[in-house]
Structure formats: C-alpha cells, structure tokens
Amino acid sequence: MKLTIFFGALLFSATPAFANDFVYMKCEANAVMLTKDLGSNQIVKREEDTDLMHFKIDSANSRIMESREGAWEDVKIVHGSVVVEKEKTADGVSSYWKVTMPVDPPGQIVMDALSRSDELSQSAKASGMCKEIDESVFEELLDQ
C-alpha cells in the first residue's frame, strides 16, 4: 500500500522564508507498512515505500497544503512544528494518523498511522527530512 494512501489527505506545503507567513518545503520520507491478520496474529504483508511531498505552510492561519492535494487543511502549529492528528471510522474500519514536522527550521518529518477492521490491522511508520524550497517550485508542482 502506498504511503500516500495513509497520508495523502493529511499533508501540505511550505516556503523557505516567512514572506506573508508562508513556508515552502519538500519532504522525503521512507515508510514501512505492515498488514496483520488479527485472527492468526501473523503479519501477512510488509511493504516499504518512499514518498516525496511538497508543502506550503501558512503559519499565521495554522493551515497547510500538499501540492498533490491542492487544498488547505487546518493544523496545529506547536513550538514551530506542524502537528496533524486525525481519527476516522467508516465502513467498519477505524483509522488514526499523526504527522509532525518542524517548520522553523525544517527538519525531520515523522508519520504514524493505524487502520483496523475486525479481520486486519494495517500500520505504517514513516520518517524523513524536510528542507526549504522556493515558492516557485511549489507553485509549479501545484499547477501540474
């Protein structure tokens, strides 16, 4: 399962300088995803994936945009770091996601996710590094 399935709806964009309170960043993260059969308590699938994400962060309004999504998402910004936590239950599947990444200065992004039904659980852990990019890089990706 691709990293974006777990985190695509969560992530956002940012800029290197705080012009207009925006920060633009690119983050590359490596993820390990495990699928476990809850009946046998055995891991039935292990996947690894790498994802490159581009964000625009609006620190003044506590929101973020990921270039592939193109929509703002409200987030918490705590001590210079973006924190996203989500819980959702639909069609018998409960899911939880948490993403943290420092904005000022950019640094390590950490993502955790867990989805569970009556039969299976899927967990993902990802980490990587973020660095500042120019606004033009983000805008070009957003237009694609």
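None of the values given here were measured: they were computed from a predicted structure.
- Judged as a side-chain contact (heavy atoms from CB on, under 4.5 Å), and not counting sequence neighbours, the contacts of Ser94 are Thr89.
- Connection of Ile133 to Leu142 is established within a shared hydrophobic cluster, with ILVMFWY side chains joined at heavy-atom distances below 4.5 Å, either directly or through further cluster members.
- Residues satisfying the side-chain contact (heavy atoms from CB on, under 4.5 Å) criterion with Ser136, sequence neighbours excluded, are Asp134.
- Annotation for Ser121 and Leu114: closest pair CB-CD1, 4.5 Å, computed over non-hydrogen atoms.
- Across all non-hydrogen atoms, the minimal contact from Asp37 to Gly39 is OD1-N, 2.7 Å.
- Listed by chain and number, the residues in a side-chain contact (heavy atoms from CB on, under 4.5 Å) with Glu28 are Thr50, Leu52 (sequence neighbours excluded).
- Not counting sequence neighbours, Asp118 has no partner by the side-chain hydrogen bond (donor to acceptor under 3.5 Å, both in side chains) test.
- Taking CD from Gln122 and CD from Glu47, the interatomic distance works out to 8.5 Å, rounded to the nearest 0.5 Å.
- Taken together through direct or relayed side-chain contacts under 4.5 Å among Ile, Leu, Val, Met, Phe, Trp and Tyr, Trp72 and Leu141 form part of one hydrophobic cluster.
- Residue Leu34 is found in a hydrophobic cluster whose other members, listed by chain and number, are Val32, Ile43; membership requires side-chain heavy atoms under 4.5 Å apart, directly or through intermediates.
- Follow the hydrophobic side-chain contacts under 4.5 Å out from Val137 and you reach Phe22 in the same cluster.
- Side-chain contact between Met101 and Met25 is present, with at least one heavy-atom pair separated by less than 4.5 Å.
- Within the structure, disulfide (SG to SG under 2.5 Å) pairs that include any residue of residues 36-124 do not occur (at least two apart or interchain).
- Atom CG of Asp112 sits about 9.0 Å away from atom OG of Ser123, to the nearest 0.5 Å.
- Ser62 pairs by the side-chain hydrogen bond (donor to acceptor under 3.5 Å, both in side chains) definition with nothing, not counting sequence neighbours.
- The number of heavy atoms from other shown groups lying within 6.0 Å of CD (Glu139) is above 12.
- In this structure Asn61 satisfies the side-chain hydrogen bond (donor to acceptor under 3.5 Å, both in side chains) test together with Asp58, sequence neighbours excluded.
- Atoms CD and CD, on Glu135 and Glu140 in that order, are 12.5 Å from each other to the nearest 0.5 Å.
- Nearest approach of Glu66 to Phe138, heavy atoms of both residues: C-CE1, 4.3 Å.
- Screening residues 77-120 for disulfide (SG to SG under 2.5 Å), with sequence neighbours left out, gives no hits.
- Both Ile77 and Val103 are assigned to one and the same hydrophobic cluster, defined by single-linkage of ILVMFWY side chains at heavy-atom distances under 4.5 Å.
- Lys76 meets the side-chain contact (heavy atoms from CB on, under 4.5 Å) test with Val78, Val83, Glu85; sequence neighbours excluded.
- For the atom pair NZ of Lys36 and CZ of Arg116, the computed distance is 9.0 Å after rounding to the nearest 0.5 Å.
- Partners of Glu87 under the side-chain hydrogen bond (donor to acceptor under 3.5 Å, both in side chains) rule, at least two apart in sequence or in another chain, do not exist in this structure.
- In this structure, Glu69 contributes its side chain and Ala71 its backbone to no donor-acceptor pair below 3.5 Å.
- Met111 approaches Ala29 most closely through the heavy-atom pair CE-CB, 3.4 Å.
- Looking at every heavy atom in both residues, Pro102 comes nearest to Gln108 through CD-O, 3.0 Å.
- Within the structure, every pair that satisfies the disulfide (SG to SG under 2.5 Å) test and touches residues 92-134, not counting sequence neighbours, is listed here: Cys27-Cys130.
- Put simply, OG1 on Thr35 and CD on Gln42 are 13.5 Å apart, with the number rounded to the nearest 0.5 Å.
- Note that CZ of Arg46 is 9.0 Å distant from CE of Met33, once rounded to the nearest 0.5 Å.
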